[in-house]
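Below is one structure, written out as C-alpha cells; the observations come after it.
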Amino acid sequence: MPELPEVETIRQRLIKGFNQSPSVLNQTVKKANLFWSGSLATPDPLTFVNFLPGQQVLAVDRRAKYLYFTLSDTYLVVHLRMSGDLYLEPDGNTEPSEGRSRNHDRFWLVFDSGYRLVFNDLRKFGRIWLLNSIDQLFAKLGPEPFSENLTPSIFYQQLTKKSRQLKPLLLDQSFMAGIGNIYADEALFLAKLHPLRKSDTLNSDEAEKLLTAIRVVLTKGIDQKGASIDWVYRGGDFQNYFQVYQQNGNPCPRCGHPVEKIKVAQRGTHFCPVCQPMEPF
C-alpha cells in the first residue's frame with residue numbers, strides 16, 4: 001500500500017491540482033530540503049539539494065508503483081513503499097494536512113510559485129532517486145497491466161512457462177508491474193481462481209479471464225481514487241467495493257459461503273473456497 005490505483009490517483013492529483021493546490025507541471029524548483037538522508041537512494045545529499053534549484057517539472061508519469069518526474073535536466077523518481085505520500089501545499093503551511101505529522105516529512109521541493117512538493121513517509125521505507133536515465137531502475141519490472149502489448153495469448157504464455165502459486169506470482173513486480181495485495185485478491189476472486197493454484201495449470205480461457213479481471217479491478221480502483229483502508233492513503237472509495245479483501249467471515253457476494261483468510265507468501269490472502277476452488281471446475 002499504496003498500489004497502482006493509489007499511485008495513479010496521486011499522479012493525477014499532482015498533474016490536475018487538488019484541494020486548491022495548483023498543478024505541479026511547469027513549476028520551477030527554488031530550493032530543495034532533505035530532512036532524512038535515508039530516503040535518498042542516489043545521489044549524495046549535497047548533490048541532491050544543489051542540483052535541483054532551477055529545474056522545471058515537465059511531466060509526471062507512473063511506472064508500476066513508482067512516480068517519476070521529468071525535470072529540465074534529470075528525473076526525480078519516488079517509490080512510496082508502505083506509508084509514503086506526495087502532495088502539493090503552500091510553502092507557508094506549518095501544519096500538514098489530514099492529520100499527517102510534520103516530523104514525517106522527508107523532503108520538500110519548494111517552488112518559486114509559493115508552493116512546495118512534500119514527501120511525507122512515517123515508516124521511512126520510501127525512496128527517492130535523482131537520475132539521468134530511468135532505464136536501469138525500471139529494467140527488471142514486468143509489463144504494465146494495461147499495456148497493449150500484453151495480449152491474452154502472451155499472458156497465457158507467461159503464466160504457463162512458470163509453475164508458481166498465483167497470488168505470489170501476481171505480487172512479483174518482475175512478472176507484472178503495479179499489483180499489490182488488495183488488487184491481487186480482488187482479481188483472483190473475479191476470475192474464480194484459487195490463490196494457491198499453480199500458474200501452469202491454467203488453460204488459455206482461464207488466463208484470459210484473469211487478465212480481464214486484473215484490468216477490471218484496477219480500473220475500478222482508479223475510478224474510485226484508490227482504497228482508503230488505513231491512515232496511509234486517504235480520499236479513495238474502493239474499500240466500499242471490496243468483494244473479498246478484508247471480508248474474512250463475511251458471506252461471499254456470489255455464493256454466500258464465508259470468505260476465508262489464509263497467509264500466502266507472508267501476506268494475508270482473502271478468497272472464497274467455494275467460488276475459487278483449488279482444482280479447475
Side-chain angles (χ1 to χ4, degrees), residues 1-24 27-55 57 60 62 64-69 71 74-131 137 180-182 225-237 239 246:
M1 186 69 180
E3 301 180 28
L4 186 155
E6 290 77 34
V7 176
E8 178 62 23
T9 298
I10 292 171
R11 185 188 78 87
Q12 292 180 11
R13 288 175 176 175
L14 290 173
I15 290 173
K16 298 175 183 178
F18 184 69
N19 279 352
Q20 300 182 327
S21 292
S23 170
V24 74
Q27 299 273 358
T28 300
V29 179
K30 178 181 178 182
K31 180 175 63 173
N33 296 101
L34 182 65
F35 302 111
W36 187 63
S37 62
S39 292
L40 185 61
T42 189
D44 62 273
L46 185 61
T47 301
F48 180 81
V49 298
N50 287 339
F51 187 84
L52 282 167
Q55 294 291 313
V57 180
V60 185
R62 180 194 57 76
K65 302 176 188 179
Y66 294 86
L67 282 169
Y68 64 99
F69 298 76
L71 306 180
T74 191
Y75 295 95
L76 176 68
V77 184
V78 181
H79 198 301
L80 303 174
R81 299 283 171 85
M82 289 295 295
S83 62
D85 196 6
L86 277 172
Y87 56 93
L88 218 62
E89 67 176 10
D91 186 33
N93 272 15
T94 57
E95 294 297 327
S97 61
E98 300 182 3
R100 300 178 182 90
S101 171
R102 188 61 77 201
N103 293 332
H104 302 146
D105 286 356
R106 304 306 172 195
F107 82 84
W108 294 348
L109 291 188
V110 181
F111 299 118
D112 58 11
S113 65
Y115 284 84
R116 66 187 175 216
L117 178 69
V118 178
F119 178 49
N120 186 276
D121 182 21
L122 185 150
R123 294 184 181 175
K124 296 184 176 181
F125 292 154
R127 289 294 179 268
I128 52 180
W129 296 257
L130 202 61
L131 300 167
L137 183 63
N181 210 34
I182 295 173
K225 312 299 181 188
S228 301
I229 59 172
D230 52 28
W231 46 267
V232 176
Y233 177 84
R234 306 163 182 84
D237 292 319
Q239 69 277 4
Q246 291 193 337

Please output the side-chain donor-acceptor pairs of residues 33-40 that fall under 3.5 Å, not counting sequence neighbours, one pair per line with the distance.
none

Legend entry - Those residues that, when tested against S23, pass side chain to side chain contact (heavy atoms under 4.5 Å, CB included) (two or more places apart): L25
Legend entry - D85 vs D121, side chain to side chain contact (heavy atoms under 4.5 Å, CB included): CA-CA, chis, key distance, verdict: CA-CA 6 Å; D85 196 6; D121 182 21; over 6 Å; no
Legend entry - Distance (rounded to the nearest 0.5 Å) between L109 CG and T28 OG1: 11.5 Å
Legend entry - Taking every non-hydrogen atom, the tightest pair across L67 and V60: CD2-CG1, 4.4 Å
Legend entry - Cation over ring face, R13 and F18, 6.0 Å, 45°: yes
Legend entry - Residues that R106 engages under side chain to side chain donor-acceptor pair (under 3.5 Å), provided they are two or more places apart: none
Legend entry - Salt-bridge contact R116-E89 (side-chain N to carboxylate O under 4.0 Å): yes
Please set out all donor-acceptor pairs under 3.5 angstrom arising from side-chain atoms of residues 44-55, sequence neighbours excluded.
residue: D44; atom: OD1; partner: T47; partner atom: OG1; Å: 2.7
residue: D44; atom: OD2; partner: L46; partner atom: N; Å: 3.2
residue: D44; atom: OD2; partner: T47; partner atom: N; Å: 2.9
residue: D44; atom: OD2; partner: T47; partner atom: OG1; Å: 3.1
residue: N50; atom: ND2; partner: L46; partner atom: O; Å: 3.2
residue: Q55; atom: OE1; partner: S72; partner atom: N; Å: 3.2
residue: Q55; atom: OE1; partner: D73; partner atom: N; Å: 2.7
residue: Q55; atom: NE2; partner: D73; partner atom: OD2; Å: 3.1

Legend entry - Partners meeting side chain to side chain donor-acceptor pair (under 3.5 Å) with R11 (sequence neighbours left out): E8
Inset, instruction - Mind checking the OH-CG spacing from Y87 to L117? Nearest 0.5 Å is all I need. - result: 9.5 Å
Inset, instruction - Quick one: closest heavy-atom pair of F69 and L14, and the distance? - result: CZ-CD1, 3.8 Å
Legend entry - Student check: side-chain heavy atoms of Y68 and L131 closer than 4.5 Å: no
Legend entry - Minimum heavy-atom distance R81-G126, with the two atoms named: CG-CA, 3.6 Å
Inset, instruction - With sequence neighbours excluded, tell me which residues meet salt bridge (charged side-chain N to carboxylate O under 4.0 Å, His left out) with D112. - result: none
Legend entry - Any side-chain heavy-atom pair of Q239 and I182 under 4.5 Å: no
Inset, instruction - Would you confirm whether E6, through its side chain, and E3, through its main-chain N or O, come within 3.5 Å as a donor-acceptor pair? - result: yes
Inset, instruction - Might you point out which heavy atoms bring S83 and K124 nearest each other, and give the distance in Å? - result: OG-N, 4.4 Å
Legend entry - W108: partners by side chain to side chain donor-acceptor pair (under 3.5 Å), with sequence neighbours left out: D105
Legend entry - Pairwise side-chain contact, F111 with L88, heavy-atom cut-off 4.5 Å (strictly under): yes
Legend entry - Any residue meeting ring-ring contact (aromatic ring centres under 6.0 Å, His included) with F119, in chain and number order, not counting sequence neighbours: F107
Inset, instruction - Kindly write out the residues that satisfy ring-ring contact (aromatic ring centres under 6.0 Å, His included) with Y75, not counting sequence neighbours, or none if the list is empty. - result: none
Legend entry - Nearest-0.5 Å distance, CG of residue N120 to NE2 of residue H104: 7.5 Å
Inset, instruction - Sequence neighbours left out, what passes side chain to side chain donor-acceptor pair (under 3.5 Å) with T42? Give chain and number order. - result: none
Legend entry - Nearest heavy-atom neighbours spanning L86 and I10: O-CG2, 3.7 Å
Inset, instruction - List the atom of G226, the atom of P5, and the distance in Å for their closest heavy-atom pair. - result: CA-CB, 4.4 Å
